[in-house]
Peer 1: 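One structure, as structure tokens, below. Some questions next.
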Amino acid sequence: MVDRKGADGVPAPPWRKTRKPVQPRRQLNQDLIVETGMRILDAEGLDALSMRRVAQELDTGPASLYAHVANKEELLELLYDRVLGEIVLPERDPGRWKEQLRAYALEAHRVLGAHGDVARAALATIPTGENSVRAGEFMYGLLVDAGMPPREAAIALDRLSLYIAGDAYEGSLHYARMRAAGYDNREDYFNAFVDQITTYYRALPAEQFPHVTKHIDDLVDAEGEERFRYGLDLMLDGIEARMPKG
């Protein structure tokens with residue numbers, strides 16, 4: 001028999017159910033909503049994220065979220081801005097603009113890649129959160145202070161940001177496929193993926209596709225990080241070529 005006692009030490013009747021102590025809820029606020037959304041995003045990707053799902057995780061109704069976040073679009077902006085806040089920016093040095101811009105791009109690419117497909121949130125809108133503007137000010141200021149005309153620097157900033165986010169998003173698509181295919185690690189998945197592509201290319205008729213069939217190993221050799229760095233250097237070299245001389 002379970003010993004049930006009240007607050008005054010008197011045993012409760014055996015037919016009365018013992019209630020478990022209720023854990024106090026954390027007070028609902030925007031930070032908690034964003035934190036919960038980030039957990040869903042990191043674990044399951046952007047398609048699993050919704051206001052309803054966040055509300056379920058917080059044991060509340062979707063309507064209660066709207067006092068703190070207007071809609072899913074605002075939640076995505078807040079999530080993206082939270083992720084960009086992980087990027088540490090150095091003191092801007094226009095004399096080293098190319099080196100600093102490369103370091104920023106590599107770090108931003110790493111951070112975005114660590115958070116599922118959050119890069120999708122940057123592809124259809126212009127991020128306006130505090131951390132987004134801070135990152136934009138850093139890149140734009142580097143180019144303008146290094147001598148690039150402001151209008152041209154704005155276009156360069158736009159194209160470079162799109163390259164970083166687009167490459168990170170492509171990588172996230174592979175993570176989703178990896179999970180769906182039942183692979184536990186990236187190396188096994190990518191080896192299998194490349195093997196499939198290589199097998200297909202080798203089966204192509206050489207008379208129709210002489211270059212593809214002859215250089216298959218070169219076509220599939222470089223890994224994602226090498227490809228990203230190569231494309232980044234192409235962009236930075238192009239920006240450098242447009243910098244005013246002297």
Side-chain angles (χ1 to χ4, degrees), residues 37-50 53 72 76 79-80 83-84 86-87 98 101-127 139 155-242:
M38 187 66 70
R39 286 202 306 271
I40 297 170
L41 176 68
D42 285 346
E44 303 175 45
L46 205 57
D47 288 335
L49 183 68
S50 68
R53 176 64 188 283
K72 182 179 177 180
L76 291 179
L79 286 169
Y80 185 70
V83 169
L84 290 187
E86 297 179 17
I87 300 173
K98 191 174 183 181
L101 211 52
R102 178 186 288 108
Y104 169 83
L106 291 172
E107 177 64 5
H109 187 258
R110 183 196 66 78
V111 168
L112 291 177
H115 290 283
D117 50 358
V118 71
R120 268 172 65 185
L123 295 178
T125 185
I126 299 176
M139 292 190 289
I155 299 173
L157 167 64
D158 174 71
R159 294 297 90 185
L160 181 58
S161 298
L162 182 61
Y163 175 68
I164 297 169
D167 193 273
Y169 174 52
E170 183 190 35
S172 74
L173 294 178
H174 282 289
Y175 289 131
R177 292 173 182 171
M178 181 183 77
R179 292 192 297 266
Y183 286 95
D184 294 325
N185 63 75
R186 294 174 55 188
E187 185 176 356
D188 288 346
Y189 164 77
F190 278 107
N191 286 339
F193 177 75
V194 171
D195 285 346
Q196 278 188 325
I197 299 298
T198 302
T199 300
Y200 172 72
Y201 282 170
R202 293 194 192 283
L204 293 173
E207 63 277 9
Q208 288 181 260
F209 307 99
H211 294 88
V212 171
T213 54
K214 183 179 180 179
H215 302 290
I216 294 172
D217 292 337
D218 292 315
L219 283 169
V220 302
D221 181 58
E223 296 182 351
E225 180 70 12
E226 181 181 350
R227 293 174 186 272
F228 176 76
R229 287 174 178 265
Y230 186 87
L232 176 61
D233 284 339
L234 287 179
M235 297 196 76
L236 293 177
D237 288 346
I239 293 173
E240 186 176 39
R242 290 176 174 269

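Given the structure is predicted, the values throughout are model-derived calculations rather than measurements.
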Peer 1: How close do Leu123 and Ala165 get, counting heavy atoms only, and between which atoms?
Peer 2: CD2-CB, 3.9 Å

Peer 1: Going by salt bridge (charged side-chain N to carboxylate O under 4.0 Å, His left out), name the residues that satisfy it together with Glu107, two or more places apart in sequence or in a different chain.
Peer 2: Arg110

Peer 1: Suppose we screen for side chain to side chain contact (heavy atoms under 4.5 Å, CB included). Which residues come up paired with Asp158, at least two apart in sequence or across chains?
Peer 2: none

Peer 1: Sub-3.5 Å donor-acceptor pair from the side chain of Asp221 to the main-chain atoms of Asp217, do we have one?
Peer 2: no

Peer 1: Could you please spell out the steps behind the side chain to side chain contact (heavy atoms under 4.5 Å, CB included) verdict for Leu49 and Leu79?
Peer 2: CA-CA 11 Å; Leu49 183 68; Leu79 286 169; 3.4 Å; yes

Peer 1: CE of Met139 to OH of Tyr104: how many Å apart, nearest 0.5 Å?
Peer 2: 4.0 Å

Peer 1: List the residues meeting side chain to side chain contact (heavy atoms under 4.5 Å, CB included) with Arg186, not counting sequence neighbours, and say none if there are none.
Peer 2: Tyr175, Met178, Phe190

Peer 1: Just jot down the side-chain hydrogen bond (donor to acceptor under 3.5 Å, both in side chains) partners of Glu170, sequence neighbours excluded, or say none.
Peer 2: none

Peer 1: Please identify each residue that fulfils side-chain hydrogen bond (donor to acceptor under 3.5 Å, both in side chains) with Asp218, with sequence neighbours left out.
Peer 2: none

Peer 1: Quick one: does Val111's side chain get under 4.5 Å of Leu84's, heavy atoms only?
Peer 2: no

Peer 1: Under the salt bridge (charged side-chain N to carboxylate O under 4.0 Å, His left out) rule, collect the residues that match up with Arg39, sequence neighbours excluded.
Peer 2: Glu35

Peer 1: Please report the interatomic distance CG(Leu204) to OG1(Thr199), rounded to the nearest 0.5 Å.
Peer 2: 11.0 Å

Peer 1: Could you measure the distance from the CG atom of Leu106 to the CG atom of Leu101? Nearest 0.5 Å is fine.
Peer 2: 10.0 Å

Peer 1: Would Leu46 and Leu76 count as a side chain to side chain contact (heavy atoms under 4.5 Å, CB included) if you check the C-alpha gap in whole Å, the side-chain angles of each, and the deciding distance to 0.1 Å?
Peer 2: CA-CA 9 Å; Leu46 205 57; Leu76 291 179; 3.3 Å; yes

Peer 1: Mind checking what makes salt bridge (charged side-chain N to carboxylate O under 4.0 Å, His left out) contact with Asp117, not counting sequence neighbours?
Peer 2: Arg120

Peer 1: Specify the closest pair of heavy atoms between Leu112 and Ala119, including all atoms of both residues, with the distance to one decimal.
Peer 2: CD1-CB, 4.4 Å

Peer 1: Looking only at non-hydrogen atoms, find the nearest pair between Ala48 and Ile40 and report the distance.
Peer 2: O-CG2, 4.0 Å

Peer 1: List the atom of Ala114, the atom of Asp42, and the distance in Å for their closest heavy-atom pair.
Peer 2: O-OD1, 4.3 Å

Peer 1: Could you tell me which residues satisfy side-chain hydrogen bond (donor to acceptor under 3.5 Å, both in side chains) with Tyr189, sequence neighbours excluded, listed by chain and number?
Peer 2: His174

Peer 1: Should we say atom CG of Asn185 is surrounded by more than 12 heavy atoms from elsewhere, each under 6.0 Å from it?
Peer 2: yes

Peer 1: According to side-chain hydrogen bond (donor to acceptor under 3.5 Å, both in side chains), does anything in residues 228-241 pair up with another residue at least two apart or in another chain? List the pairs.
Peer 2: Lys98-Asp237, Lys98-Glu240, Arg102-Asp233, Glu225-Arg229

Peer 1: Who are the side chain to side chain contact (heavy atoms under 4.5 Å, CB included) partners of Thr198, not counting sequence neighbours?
Peer 2: Val194, Arg202, Ile216, Val220

Peer 1: Can you list the residues that meet the ring pair (Phe, Tyr, Trp, His ring centres under 6.0 Å) rule with His109, with sequence neighbours excluded?
Peer 2: Phe228

Peer 1: Under the side chain to side chain contact (heavy atoms under 4.5 Å, CB included) rule, what do Gln208 and Thr213 come out as? Steps first, then yes or no, please.
Peer 2: CA-CA 9 Å; Gln208 288 181 260; Thr213 54; over 6 Å; no

Peer 1: Report, as yes or no, whether the 6.0 Å neighbourhood of atom CZ on Arg227 holds more than 12 heavy atoms from other residues, nucleotides or ligands.
Peer 2: yes

Peer 1: Glu207: which residues meet the side chain to side chain contact (heavy atoms under 4.5 Å, CB included) condition with it, sequence neighbours left out?
Peer 2: Pro205

Peer 1: Nearest heavy-atom pair of Gly231 and Tyr163: which atoms, and what distance?
Peer 2: CA-OH, 3.3 Å

